[in-house]
Amino acid sequence: MNVDAGECDFAVVGGGILGLATARELLIRRPDAGVVVLERERALAQHQTGHSSGVVHAGIYYAPGSLKARLCVEGARELYAYCEERGVPFERAGKLIVAREENELPRLDELERRGRANGVAGLRRVDAKELREIEPHARGVAALHSPETGVVDFTAVARALAADLEERGGHVQTGCAVAAAEPRGGSAVRAPGLSLMHSAGVLQARFAVFCAGAWADELAVRAGADPDPRIVPFRGAYLRLRPDRTHLVRGLIYPVPDPALPFLGVHLSRHIDGDVSLGPSAVLGATRLRHSLRWPGTWRMARRWWRTGATELVHAVSSRRFARAAAAYVPELEPGDFAPWYAGIRAQAVSRDGALVDDFVIHETEHAVHVRNAPSPAATSSLALARLIADRAERGLD
Ligand SMILES: Cc1cc2nc3c(=O)[nH]c(=O)nc-3n(C[C@H](O)[C@H](O)[C@H](O)COP(=O)(O)OP(=O)(O)OC[C@H]3O[C@@H](n4cnc5c(N)ncnc54)[C@H](O)[C@@H]3O)c2cc1C
């Protein structure tokens, strides 16, 4: 395969953590293959990967037997090992999921049951006194403690994956937006595959993998995949705790989440560089808003979740109200302790009937695999999810 002549075996669209991990996995399996990553932005990891909470999830929340459950537990283990191997800083900072009131305890029980079923290492129920020993400034009636939950900079992981990929002979092309992908038949000199039309020309690939995040459905539907589900972007904004107050949070302090929502709730997180964030809020994002509003599932979802949405909107427009919610977990925190920080757009798939799709979803079309839903914990799970995607890509190619 001659990559310079616009040909390759595998084209991967999307230079976030998932596209890069998948491209690397393909090269590990087929060291002689021509593998090219095409990324629209001028730099890698500019979307979800570069705007997350930076938490290496341990696998507590997810329904036992789901892809999220299995790939998060495996992925976290592999991610720590990979960071160690490539010198990417990480820390097993530990997480507390805090029940503030007795009425949250049944939901904490269910999380504990899920965590144990998923094989989360070190998971332990703690009472109010132990909770304070772990996080001296936090308050609650009980908590789940996950010492294996950690923090990392996923942009640094993405950079390490890109360097690794290039060392193995792969190519990364930034500033290269793919507009369309059309199947083409084989000839005497060329195997069948796809023609990828991009901003700098055309790339002929024997097989393509689409890891396009918030744009996941666009090219998939154009390539003939089911229009259901659609990506509905949710904007998640963060506040930053003043540096002289970061001693109030040692690790990660999470609420008991609403089990009907795929979001984990607004949390306090100590990042790998020592900064502490509060967030993310979850409001319908402006990115691709018209596209979201044309999807019947968006309206059905809004009817179902309008009350939660209204609370989140209050948080989004009032940092003070948002910050006050944090004081429920760490009473010494005051609104003046926080300043607006970054925001990330979550690419969340919503089905036609308005359900927020919980698990990872992968579709296949002719000569292509499309990742249709890879929200949190897909960054944690990226190395394990890459194996699953590569299995499908290899099967498709052969
Ligand atoms: C606010 C927030 C907090 C999160 N917190 C965590 C967390 O703590 N832990 C965790 O594990 N996960 C977390 N996640 C989820 C995690 O960030 C994502 O699951 C993960 O980054 C998905 O990676 P990706 O490569 O699929 O997507 P992205 O990083 O979004 O990458 C997709 C890429 O595709 C490119 N692209 C799109 N269309 C085209 C095209 N036509 N041509 C070329 N390129 C294209 C985009 O430019 C983009 O770079 C969080 C996400 C958000 C938004």
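Owing to the predicted nature of the structure, the values given are computational and were not obtained by experimental measurement. When a ligand or atom number is given, it counts from 1 through the structure's own listing order. The basis for the numbers below is simple: all heavy atoms, side chains too, and nothing from hydrogens, waters or symmetry mates. Numbering starts at 1 and runs along the sequence shown.
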Please identify which atoms of ligand 1 are closer than 4.0 Å to at least one heavy atom of G54. 8 (O)
From C211, G14, G344, A179 - option closest to atom 32 (C) of ligand 1 by heavy atom: C211
Residues which pass ring-ring contact (aromatic ring centres under 6.0 Å, His included) with H47, listed by chain and number, not counting sequence neighbours: W215
Nearest heavy-atom contact between Y329 and P255 is OH-CB, 3.0 Å
Would you mind checking which non-hydrogen protein atom is closest to atom 29 (O) of ligand 1, with the distance to 0.1 Å? T49 OG1, 2.6 Å
Is any side-chain N of the basic residue among K68 and D358 closer than 4.0 Å to the acidic one's carboxylate O? yes
Can you list the atoms of ligand 1 that are under 4.0 Å from a heavy atom of E41? 47 (O)
Per-atom contacts, ligand 1 versus L38 - under 4.0 Å to a heavy atom: 43 (C), 44 (N)
Can you confirm whether the side chains of Q204 and R184 place a donor and an acceptor under 3.5 Å from each other? yes
Backbone or side chain, does any N or O of W215 fall under 3.5 Å from an N or O of ligand 1? no
Quick one: closest heavy-atom pair of V37 and G15, and the distance? CG1-CA, 4.1 Å
Please confirm whether S382 approaches ligand 1 to less than 4.0 Å, judged on its heavy atoms. no
Identify which of A45, A374, P377, A181 has a heavy atom lying nearest to atom 19 (O) of ligand 1. A374
Close approach, L219 and ligand 1, non-hydrogen under 4.0 angstrom: yes
Checking heavy atoms under 4.0 Å, the part of C176 that sits near ligand 1 is backbone
Salt bridge present between R242 and D275 (N-O < 4.0 angstrom): no
Which atoms form the tightest heavy-atom contact between R29 and R387, and what is the distance? NH2-O, 3.2 Å
Among V157, L264, V178, whose heavy atom sits nearest atom 42 (N) of ligand 1? V178
If you compare Y238, F210, F360 by their heavy atoms, the one closest to atom 3 (C) of ligand 1 turns out to be Y238
Which residue holds the protein heavy atom closest to atom 24 (P) of ligand 1, what is that atom called, and what is the gap in Å? L18 CB, 3.8 Å
In this structure, which one of R30, R392, R206 forms a salt bridge (charged side-chain N to carboxylate O under 4.0 Å, His left out) with D398? R30
Any ion pair linking R124 and E112 (charged N to carboxylate O, less than 4.0 Å)? no
In terms of residue, atom name and distance, what is the protein heavy atom nearest to atom 4 (C) of ligand 1? S52 CB, 3.3 Å
Among all protein non-hydrogen atoms, which one is nearest to atom 17 (O) of ligand 1, and what is the separation to 0.1 Å? Q48 O, 3.4 Å
Polar-atom distance check: G236 versus ligand 1, any N or O pair below 3.5 Å? no
For P183 versus A181, what's the shortest heavy-atom pair and its separation? CD-O, 4.1 Å
Tell me the contacting part of H198 for ligand 1: side chain, backbone, both, or neither, using a 4.0 Å heavy-atom threshold, strictly below. neither
Do any nitrogen or oxygen atoms of S53 lie less than 3.5 angstrom from nitrogen or oxygen atoms of ligand 1? yes
Closest to atom 47 (O) of ligand 1 (heavy atoms only, candidates R40, E218, E39, H267) is E39
Got the closest protein heavy atom to atom 16 (C) of ligand 1, with its distance? A379 CB, 3.9 Å
Give me the residue, atom name and distance of the protein heavy atom closest to atom 31 (O) of ligand 1. G16 CA, 3.5 Å
Between Y238 and S53, do the side chains contain an N or O donor and an N or O acceptor separated by less than 3.5 Å? yes
Suppose the criterion is salt bridge (charged side-chain N to carboxylate O under 4.0 Å, His left out): which pairs have a residue in residues 135-156, not counting sequence neighbours? R92-E148
If you have a sec, work out which protein heavy atom is nearest atom 53 (C) of ligand 1 and how many Å separate them, to one decimal? R346 CG, 3.3 Å
Flag if over 12 foreign heavy atoms under 6.0 Å of CD, E102: no
Does any N or O atom in P280 lie less than 3.5 angstrom from one in ligand 1, N or O only? no
Quick one: nearest non-hydrogen protein atom to atom 9 (N) of ligand 1, plus distance? V55 O, 2.8 Å
Assess the side chains of Y62 and D359: does a donor N or O sit below 3.5 Å from an acceptor N or O? no
For H271 and S277, which I'm curious about, is there any donor-acceptor pair between the side chains at under 3.5 Å? yes
For A378, counting its heavy atoms only, list the atoms of ligand 1 lying under 4.0 Å from any of them. 19 (O)
